[in-house]
Amino acid sequence: MSKEAADATGVDTTDPRVARREKLRRIGETGIDPWGSRFDERSMVEDVRRLIPQIKYRLPDGTEIDTPNMVNSGGSVDYRTWKSEQNAAAGGNGEEIGPQVRVAGRIMLMRPTGKLIFLNLRDWTGEIQIFIGKNQVGEEAFELAKLFDLGDLIGVDGRLGWTNTGELTVFAEQLHFHTKMLEPAPDKHAGLHDPDLRQRMRYADLAFNDGVREVFLDRTRIVKSIRQTLDSQRFVEVEGPTLHAIAGGAAARPFKTHHNALDMPLFMRIALELHLKRLMVGGIERVYELGRVFRNEGVSPRHNPEFTMLEAYQAYGDYGTMMELTEQIISNAIEAIGGGMVRKFGDQEVDFTPPFARRSYDDLILEHTGVDPADEGAMRALAKQLGLETANRHADVIKNEIFEEKVEDLLVGPVFVIDYPASMCPLTKRKVDQPEVAERFELFICGMELANAYTELNDPDLQEQLFRTQLQGLSEEDSMAHMDHDFVRALRYAMPPAGGLGIGIDRLVMLLTGQRSIRDVILFPLLRPETFES
RNA sequence: GAAGGUGUAGCUCAGUCGGUAGAGCAACGGACUUUUAAUCCGUAGGUCCUGGGUUCGAGCCCCAGCACCUUCACCA
């Protein structure tokens, strides 16, 4: 048994948790519900700041003048000096007047100085200083204020005004206790740094770390903007099934699950594609889904097992249409969060001003390797030189490995890589005059694959044949040759020629908000479960 | 799955050559009615990730395990 410190009431003071529970108890003793209740007609901090013009200085003769632009609020005026000048000119002491406001939020900082306490109160729109003076709020309320801890949720009624140092402040007249935080607050300046804690306890990360909420609010703005861009072009948003009997539409390992009542194996979807195309057969000529897909693969700063995809399909379009749509989606999203078309990502700078560059797959290989991609022998030799596996592999597979090895990382972009080898793209229409080339693009930015689009294959017989054709050099698990008879039947009911687009939303948010890890743009990324003692 | 890194007070982090466990913030007590990460005085707080081993002696060295980070692998 370790020795325990105790305050006058015999309570252990070494553990902040114990101290907080003791304060909770004392608050309850005063008759106040420490878990709060409905609190109507409060203002958001953002809106309170808009009331600044209503703060006036009333001179002895009754005239009211605007308060100046303070040092602490971006201006240059020292309030004390300004007031004494005004008073001297008026021949008497004036008085500041300001609007009544009601705010609520979390206590982020506390600066008690004897019989007054300064607080920084934060709600989800911003932070504002609160002044609590013993003489101003009364003995009882001041005793309550002494039981406040960092992280507690409180409400304040008071007058909006300036302190002598020119800080916008709510001068408290009435205090309301809303909720006690029972856990110790993170470091008030450094916040939570440990990435494990930040991800596990995203609530604390959001509450106490600067900039985190802004990233996730930007994510919401980006997603909303994408919907607006598509909706304004008469795309219809739909919700496809997430449980699939056949995990198709991409080459990825699915999560397996099981339906008990039907005793049926199921897969979590790995793509949205095949159901959206069925809907185009049904006549929804412009259709999209913004939804979660699941891929049973490793995690990395760019991969989370569940992530958000946009897929959009436009009848009578092609991959060129999809390039234009992609440019609109991205530039509108940037406009929605502000900050300009030129953005920094790590030490790279990316100019998102459309139109984006368009470069052919083969040209890029030639440019970055100096080897002719049409020369299969030379490609194989280069692959061997790079230490890549070449035996029994299709020439296009080898070429693609070379592309991934030598080209992808260098594409700062944004650049549309166009015209892929047809054998790599079983859901893609071939060029009429070049059947070995597929009408497909991938959009690369900062070495990341951000979007993928095709002129969609709508020939049911060819589609069936491609499903049946096991690609050389790919295992069954790695190929997308999972026959989906119903999908082929759907094509037989006539799917219009169309362009289709997929965008990785998480990666887009990463790029636009400057976050280096996908886990910083996903609220609750996958983690191993924490072990709790109980 | 592989390699490297990290794990020390509630939080952020130091910890020398292997020799009694440290700071700032938070907490507790005190002073302070215009502070800005308030300041000042004082007090308390440790399963040094877990389990083994080497050693007279381990936060530090060795082995195994766990979690996270990075790179790689997997990844249309």
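Heavy atoms only: backbone and side chains are in, while hydrogens, waters and symmetry mates are out. In the text below, chain A, chain B and the rest are named by the order of the sequence lines, each starting its count at 1.
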Side chains of residues 438-446 of chain A: which donor-acceptor partners sit under 3.5 Å, not counting sequence neighbours?
residue, atom, partner, partner atom, Å
A:E439, OE1, A:T455, OG1, 2.6
A:R440, NE, A:N452, OD1, 3.0
A:R440, NH2, A:E442, OE2, 3.2
A:E442, OE1, A:Y420, OH, 2.9

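- Atom-to-atom, NZ of A:K115 to P of B:U34 comes out at 11 Å; the value is rounded to the nearest Å.
- The nucleotide whose nearest atom lies closest to any side-chain atom of A:R519 is, among B:A27, B:C69, B:U34, B:C69.
- In this structure, CD of A:E401 is placed 15 Å from P of B:C72, rounded to the nearest angstrom.
- Remark: P of B:A67 and CE of A:M201 are 18 Å apart, rounded to the nearest angstrom.
- Checked against salt bridge (charged side-chain N to carboxylate O under 4.0 Å, His left out), A:E143 has the following partners two or more places apart in sequence or in another chain: A:K146.
- Under the Watson-Crick or G-U wobble criterion, with both distances below 3.5 Å, B:A37 has no partner in any strand shown.
- In this view, A:D484 and A:I246, A:L274, A:R278, A:F467, A:D486, A:F487 satisfy the side chain to side chain contact (heavy atoms under 4.5 Å, CB included) rule, not counting sequence neighbours.
- Scanning for ring-ring contact (aromatic ring centres under 6.0 Å, His included) contacts around A:H275 gives A:H244, with sequence neighbours left out.
- B:A44 sits 28 Å from B:G51 when the P atoms are compared, rounded to a whole Å.
- No hydrogens or angles were tested; on distance alone, nothing pairs the side chain of A:E167 with the base of B:U35 as donor and acceptor under 3.5 Å.
- Within residues 446-455 of chain A, the residues having any heavy atom under 4.0 Å from RNA chain B are, by residue number, A:E449, A:N452, A:Y454.
- Listed by chain and number, the residues in a salt bridge (charged side-chain N to carboxylate O under 4.0 Å, His left out) with A:R269 are A:E289 (sequence neighbours excluded).
- Per the geometry, CZ belonging to A:F118 stands 15 Å off C1' belonging to B:A37, to the nearest Å.
- Between B:U71 and B:C63, the two P atoms lie 26 Å apart (nearest whole Å).
- Defined by atom type and a distance below 3.5 Å, a donor-acceptor pair is present between the side-chain atoms of A:D318 and A:T321.
- B:U43 and B:A27 make up a base pair, with Watson-Crick or G-U wobble contacts both under 3.5 Å.
- One interatomic measurement links the two molecules: CZ of A:R253 to P of B:G1, which rounds to 14 Å at whole-angstrom precision.
- For A:A19, the listed nucleotide lying nearest its side chain is B:C28; candidates were B:U35, B:C28, B:U34.
- Rounded to whole angstrom, the span from the CE atom of A:M70 across to the C1' atom of B:U35 amounts to 16 Å.
- Residue A:D152 contributes atom CG, which lies 20 Å from atom P of B:G10 at whole-angstrom precision.
- Heavy atoms of A:G133 sit nowhere under 4.0 angstrom from any nucleic acid atom.
- The phosphate of B:U35 (OP1 or OP2) has no side-chain N or O of A:R111 nearer than 4.0 angstrom.
- The partner of B:C72 is B:G1, by the rule that a Watson-Crick or G-U pair needs both atom distances under 3.5 Å.
- Residues forming a ring-ring contact (aromatic ring centres under 6.0 Å, His included) with A:F345 (at least two apart in sequence, or on another chain): none.
- Remark: B:C17 base-pairs with no nucleotide; criterion is Watson-Crick or G-U wobble with both hydrogen-bond distances under 3.5 Å.
- A distance of about 11 Å separates the C1' atoms of B:G45 and B:A26, rounded to the whole Å.
- Distance from the side chain of A:L197 is smallest to B:U12 among B:U12, B:A67, B:U34.
- Distance from the side chain of A:L109 is smallest for B:A38 among the nucleotides B:U35, B:A38, B:U70.
- An OP1 or OP2 oxygen of B:G10 is reached within less than 4.0 angstrom by no side-chain nitrogen or oxygen of A:R17.
- Scored by the ring-ring contact (aromatic ring centres under 6.0 Å, His included) test, A:F294 finds no partners at all (sequence neighbours excluded).
- Salt-bridge formation is not detected for the pair A:D520/A:R516: no Lys NZ or Arg NE/NH1/NH2 atom is positioned less than 4.0 Å from an Asp or Glu carboxylate oxygen.
- Residue A:G191 is the one, among A:G166 and A:G191, whose nearest nucleotide of RNA chain B lies closer to the 5' end (criterion: closest heavy atom).
- A:F267 and A:F255 have their aromatic ring centers separated by at least 6.0 angstrom.
- Contacts of A:V137 with the nucleic acid, taken as non-hydrogen atoms under 4.0 Å apart, are absent.
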Dump the pairs, protein N or O against N or O of nucleotides 13-15 of chain B, anything under 3.5 Å, distances to one decimal.
residue, atom, partner, partner atom, Å
B:C13, OP1, A:H193, ND1, 2.9

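- Rounded to whole Å, the C1' atom of B:G59 lies 13 Å from the corresponding atom of B:U20.
- Among the heavy atoms of the strands lying under 4.0 Å from A:L192 are primed sugar atoms or P, OP1, OP2 only; no base atom is included.
- The CG atom of A:L147 sits 13 Å away from the P atom of B:A27 (whole-angstrom rounding).
- A:P112 comes within 4.0 angstrom of a base, heavy atoms only.
- Atoms NZ and CD, from A:K115 and A:Q136 in turn, are 12.5 Å apart once rounded to the nearest 0.5 Å.
- Side-chain N/O atoms of A:K83 and A:N164 include a donor and acceptor closer than 3.5 Å.
- Each of A:A190 and A:R200 was matched to the nucleotide of RNA chain B holding its nearest heavy atom; the match closer to the 5' end belongs to A:A190.
- An OP1 or OP2 oxygen of B:C69 is reached within less than 4.0 angstrom by a side-chain nitrogen or oxygen of A:Q199.
- No contact: A:R295 has no heavy atom under 4.0 Å from any strand.
- The salt bridge (charged side-chain N to carboxylate O under 4.0 Å, His left out) check on A:D194 picks up nothing, with sequence neighbours excluded.
- Counting distance only, with no hydrogens placed and no angle test, the side-chain atoms of A:T113 and the base atoms of B:U35 include no donor-acceptor pair under 3.5 Å.
- Remark: B:A64 base-pairs with B:U50. Criterion, Watson-Crick or G-U wobble with two distances under 3.5 Å.
- On the P atoms, B:C56 is 38 Å away from B:C68, given to the nearest whole Å.
- At the phosphate of B:U71, neither OP1 nor OP2 sits under 4.0 Å from any side-chain N or O atom of A:R516.
- A:L109 has its side chain out of reach of A:L119: every pair of non-hydrogen atoms, C-beta onward, lies at least 4.5 Å apart.
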Can you give the donor-acceptor pairs under 3.5 Å from side chains of residues 307-314 of chain A to other protein atoms, not counting sequence neighbours?
residue, atom, partner, partner atom, Å
A:T308, OG1, A:R219, NH2, 3.3
A:T308, OG1, A:R292, NE, 3.3
A:E311, OE1, A:E273, N, 3.0
A:E311, OE1, A:Y313, OH, 2.6
A:E311, OE2, A:L272, N, 3.1

For nucleotides 24-26 of chain B, which of its nitrogen or oxygen atoms have a protein nitrogen or oxygen under 3.5 Å away, and what is each distance?
residue, atom, partner, partner atom, Å
B:G24, N2, A:D187, OD2, 2.7
B:C25, O3', A:K188, NZ, 3.2
B:A26, OP1, A:K188, NZ, 2.6

